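In what follows, a structure is listed as structure tokens, so that the remarks can point back to it.
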Amino acid sequence: MLRTLSLILLLAVSGLAQKPTFTVGWSVYAGWTPYYYMNKAGILRKWADKYGIAIKVQRFDYAPSLDAFVARNIDACTMTNMEALDMPAASGVPTTVILIGDYSNGNDALMVRNGLQMKDLAGKKMLLVEKTVSEYLFDRAMTLGGLRDQIKRVRMINTSDSDIATAFLSDSSASAVVTWKPMVSQIAKQKGISSLFNSSQIPGEILDLTVVRTDILNRPDGSGQKLAKALSGAWFELLAQMQATGPAADKVLAGIAEGSQDTLASYKEQLSTTKMFYTPQSAVEFGGSPDLKQKMALVRQFCFAHGLLGANTKAVDDVAVRYPDNSIQGKADRVRLFFDLSYMQMATQGKL
């Protein structure tokens, strides 16, 4: 009898040890901090259990999260459309978008001291996280302002997102900063700071995504697809709670804000400039729209023009994107970034 029980226990422990385990990386941003709460509140575990997998959640500074994803140290990650293209895709790590969470609608901003204008920035010191959408936002601001020829004359100083607010506020020699909320909100509270340009002026161009390495998604045992389903189920369960009203919703939002050491009021302010796709249907509609291709075409050209697609990339089409309708921007044999709406569609149909 004891031997039988021991055998049963051994088999149970063995089964747990063999449960496929995945790690999701996230960094502080209104549209990504929900992963903190999904993990803490047990929503992610509930969905992982449903699919017989385990999901770990790990917080990073933004650039290190991208590095970890490219190095295959994590399996899924929150990132923008631009970074999905110019980091993993350009590094030869095929990447699949499974969730289109939101687009920045004022969260990202170019801010200056002492009433400077964009025409005054040549030769000035500007802090930002290089090779990210901050650089893209600045390029778009200058281009739309007719000042594209002055971009290279600005002294860009690479600064981590966790340090950038303190670094800018404590360094009066820095004339400008490009960053995102909540850092934008922290900086804006100081006297003498003004915003010259923000992402609401380029709606839909800075998308906030959850991506999975394509090789993980295509695992023969199907565990990668279980990961995508679990993440999608957990994501839209939480977004439904966030979209509600009253004390219950405020409790959820306060729990999310805790992940970035924010207050409820601060997090609500960040959400006011974030175009969240609260329903899977709204995300699917955007992901299947011609707008997505048009916005991505701008991003692709920017990445190529700035050498972000890799030193050996001789043409913009060498790093290609496949869309849900199977159309491709770039060379068909060079697809590195995939937009997959199927998991969000399952959520719309109640099939997760």
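As the structure is a computational prediction, the values presented were derived from the model and not from experiment.
Side chains of T143 and R148: a donor-acceptor N/O pair is present below 3.5 angstrom, by distance only. Under the 3.5 Å distance criterion, with hydrogens and angles disregarded, a donor-acceptor pair is assigned to the side chains of T274 and N107. Between D61 and S162, the side chains place a donor N or O and an acceptor N or O closer than 3.5 Å (distance only, hydrogens not considered). Looking at S195 and N198, their side chains never bring a donor and an acceptor atom within 3.5 Å of each other. Using modelled atom types, one finds no donor on one side chain facing an acceptor on the other under 3.5 Å when comparing H306 with D86. A donor-acceptor pair shorter than 3.5 Å cannot be found between the side chains of T21 and K56. The closest side-chain donor-acceptor pair between T348 and Q345, if any, does not fall under 3.5 angstrom. No hydrogens or angles considered: a donor-acceptor pair under 3.5 Å links the side chains of D262 and Q270. Between the side chains of T96 and T214, at least one donor-acceptor pair of N or O atoms lies under 3.5 Å.
Salt bridge annotation for D221-K226: absent, with no cationic side-chain nitrogen under 4.0 angstrom from a carboxylate oxygen. The residues D340 and R322 are annotated as not salt-bridged, no charged nitrogen and carboxylate oxygen being separated by less than 4.0 angstrom. One finds a salt bridge joining D75 and R213 here, because a Lys/Arg side-chain nitrogen approaches an Asp/Glu carboxylate oxygen to under 4.0 Å. One finds no salt bridge joining K181 and D108 here, because no Lys/Arg side-chain nitrogen approaches an Asp/Glu carboxylate oxygen to under 4.0 Å.
Atom CG of L147 sits about 8.5 Å away from atom CG of L121, to the nearest 0.5 Å. Atom CG in L231 sits 5.0 Å away from atom OH in Y35 (nearest 0.5 Å). Rounding to the nearest 0.5 Å gives a distance of 7.0 Å between CD of Q243 and OG1 of T279.
Taking a 6.0 Å sphere around CD of Q261, one finds it holds 12 or fewer heavy atoms contributed by other residues, nucleotides or ligands.
Identified under the salt bridge (charged side-chain N to carboxylate O under 4.0 Å, His left out) test for residues 275-289, with sequence neighbours left out: none.
Applying the ring pair (Phe, Tyr, Trp, His ring centres under 6.0 Å) rule to W26 yields no partners; only residues at least two apart in sequence or on another chain are considered.
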* Asked: What's the verdict on side-chain contact (heavy atoms from CB on, under 4.5 Å) for F69 and V211, showing C-alpha distance, side-chain angles and the deciding distance?
  -> CA-CA 10 Å; F69 187 80; V211 306; 3.8 Å; yes
* Give the C-alpha distance, both sets of side-chain angles, the deciding distance and a yes or no for side chain to side chain donor-acceptor pair (under 3.5 Å) between Y29 and D208. => CA-CA 9 Å; Y29 175 73; D208 303 305; 3.0 Å; yes
Do any side-chain atoms of residues 38-46 form donor-acceptor pairs under 3.5 angstrom with protein atoms, and if so which ones, sequence neighbours left out?
{"residue": "K40", "atom": "NZ", "partner": "E258", "partner atom": "OE1", "Å": "3.4"}
{"residue": "K40", "atom": "NZ", "partner": "E258", "partner atom": "OE2", "Å": "2.5"}
{"residue": "K46", "atom": "NZ", "partner": "E237", "partner atom": "OE1", "Å": "2.6"}
{"residue": "K46", "atom": "NZ", "partner": "E237", "partner atom": "OE2", "Å": "3.1"}

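Scanning all heavy atoms of the two residues, the minimum distance from V178 to S134 falls at CG1-O, 3.4 Å.
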